[in-house]
Student: 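A single structure is presented below for examination.
A note on names: the letters A, B, ... follow the listed sequences, proteins ahead of strands, and every chain is numbered from 1.
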Number of protein chains: 2
Amino acid sequence: MPLDPNRFPAMLRPGLVALAEDMAAHGTQRSDPTRAVMALMGDRWTALILQVLMIGTWRHADLRRALSQLSAEQAISQRVLTLKLRTLERDGFVVRHATADVPPRVSYGLTPLGLDLAGQVRALIDWVNARGPAIAAARAAFDTRHDEP
Amino acid sequence: MPLDPNRFPAMLRPGLVALAEDMAAHGTQRSDPTRAVMALMGDRWTALILQVLMIGTWRHADLRRALSQLSAEQAISQRVLTLKLRTLERDGFVVRHATADVPPRVSYGLTPLGLDLAGQVRALIDWVNARGPAIAAARAAFDTRHDEP
DNA sequence: CAGCATCCTCGGCGATACTG
DNA sequence: CAGTATCGCCGAGGATGCTG
């Protein structure tokens, strides 16, 4: 399934080829980190987790309560919180620090790389928030345009 | 379920309160566009669709083939392509232009707002690609650290 | 307190068939 | 060619109970 530029309108070929080459230059192969990291933005909790971790270092239970209170909708299950933190830890965005105590004391914080990522996410959130009114207006226009013929 | 700062470590309270206020200032309420737009980043196709639409204006079938060839994995179904484009159109990121011909001729392009969004996504993709090696290294370290005790 | 295992629900997305 | 309708799969994520 390689790219065959001839099957596309001539106007669009150069841009398409350039995009394909750029994607090939980085890893579009298996276990692609790009897709995985992009997915972090969109899933239900990770973006919020990163914002909260920018504040400082959190114990698991405190982090869980903070997230649950910040989310208007519903609380995060601790199973999912553990999963999300594991993923972030694996990719080098979060550090986990545990003591051998009993009961255990586990805390989570951002690595420099994670802080960088959180900043990117923050920028994106700010961008969307700034465009919120424009988006809402577009939605309203679309909906009234399609509700009644 | 309002925020009760007293239930959190004193060190973290100010930052948490600030974050909560910032979120409240924008819409954290129902039908929140922020979550919806953030979700665009992470879903399987939208980020790629935006990149391709940056090239120019596409007919439905051409766009479908381009996306399918760019995706290493699998082709996008045209049902899903229609759904994604509808969503983007509704939020004001994409314009749909149709003629009354038969067979129909429908083409899609970015609005100025959509071009702006595509640029943001592009920046994020570039950021991740630049960090690809660091992330891959972190993963490898994590995996070997957890595979064998 | 933090983590894991189990079960279950729900929504995203693919496949197919049909219409204008 | 573009869109809609219907079906089915699969994985994300919530709930609960048990362990160190």
Student: Name the atoms and distances for all side-chain donor-acceptor pairs under 3.5 Å in residues 6-17 of chain B, with sequence neighbours left out.
Tutor:
{"residue": "B:Arg13", "atom": "NE", "partner": "B:Pro5", "partner atom": "O", "Å": "3.2"}
{"residue": "B:Arg13", "atom": "NE", "partner": "B:Phe8", "partner atom": "O", "Å": "2.9"}
{"residue": "B:Arg13", "atom": "NH2", "partner": "B:Phe8", "partner atom": "O", "Å": "3.1"}

Student: Bend across the helix from C:dC1-D:dG20 to C:dG20-D:dC1, to 10°, with axes taken over 5 pairs at each end?
Tutor: 40°
Student: In residues 54-62 of chain A, what donor-acceptor pairs under 3.5 Å come from side-chain atoms, sequence neighbours left out?
Tutor:
{"residue": "A:Trp58", "atom": "NE1", "partner": "A:Val52", "partner atom": "O", "Å": "3.1"}
{"residue": "A:Arg59", "atom": "NH2", "partner": "A:Pro104", "partner atom": "O", "Å": "3.4"}
{"residue": "A:Asp62", "atom": "OD1", "partner": "A:Arg65", "partner atom": "NH2", "Å": "2.7"}

Student: Taking side chain to side chain donor-acceptor pair (under 3.5 Å) as the test, write out the residues that go with A:Gln51, two or more places apart.
Tutor: A:Arg122
Student: Quick one: how far along DNA chain D does chain B reach, first to last nucleotide 5' to 3', anything under 4.0 Å to a heavy atom?
Tutor: D:dC1 to D:dT6
Student: Within this structure, what is the CG-to-C1' distance between A:Leu85 and C:dG3, rounded to whole angstrom?
Tutor: 12 Å
Student: What string of B, S and - do you get for nucleotides 5-20 of chain C 5' to 3' if you count protein non-hydrogen atoms under 4.0 Å?
Tutor: BB------BBB----B
Student: With sequence neighbours excluded, what pairs up with A:Arg64 under the side chain to side chain donor-acceptor pair (under 3.5 Å) test?
Tutor: none
Student: Looking at residues at least two apart in the chain, or sitting in another chain, which of them share a side-chain contact (heavy atoms from CB on, under 4.5 Å) with A:Ala141?
Tutor: A:Arg145
Student: In whole angstrom, give the distance that lies between atom OH of A:Tyr108 and atom C1' of C:dC1.
Tutor: 11 Å
Student: Can you list everything that forms a side-chain contact (heavy atoms from CB on, under 4.5 Å) with A:Arg79? Sequence neighbours excluded, please.
Tutor: A:Ser77, A:Leu83
Student: May I have the step-by-step check of side chain to side chain contact (heavy atoms under 4.5 Å, CB included) for B:Phe93 and A:Ile135, ending in yes or no?
Tutor: CA-CA 8 Å; B:Phe93 299 127; A:Ile135 297 171; 3.8 Å; yes
Student: Is A:Arg64 touching bases, backbone alone, or none of the nucleic acid, heavy atoms closer than 4.0 Å?
Tutor: nothing
Student: Using side-chain contact (heavy atoms from CB on, under 4.5 Å) as the criterion, list what pairs up with B:Asp116, not counting sequence neighbours.
Tutor: A:Trp127, A:Arg131, B:Gln120
Student: Which donor-acceptor pairs under 3.5 Å do the side chains of residues 38-46 of chain A make with protein atoms, sequence neighbours left out?
Tutor:
{"residue": "A:Asp43", "atom": "OD1", "partner": "A:Trp45", "partner atom": "N", "Å": "3.1"}
{"residue": "A:Asp43", "atom": "OD1", "partner": "A:Thr46", "partner atom": "N", "Å": "2.8"}
{"residue": "A:Asp43", "atom": "OD1", "partner": "A:Thr46", "partner atom": "OG1", "Å": "2.9"}
{"residue": "A:Asp43", "atom": "OD2", "partner": "A:Thr46", "partner atom": "OG1", "Å": "2.6"}
{"residue": "A:Asp43", "atom": "OD2", "partner": "A:Lys84", "partner atom": "NZ", "Å": "2.8"}
{"residue": "A:Arg44", "atom": "NH2", "partner": "A:Glu73", "partner atom": "OE1", "Å": "3.0"}

Student: Output all residues satisfying side-chain contact (heavy atoms from CB on, under 4.5 Å) with A:Thr111, sequence neighbours left out; order by chain, then residue number.
Tutor: A:Val95, A:Leu113
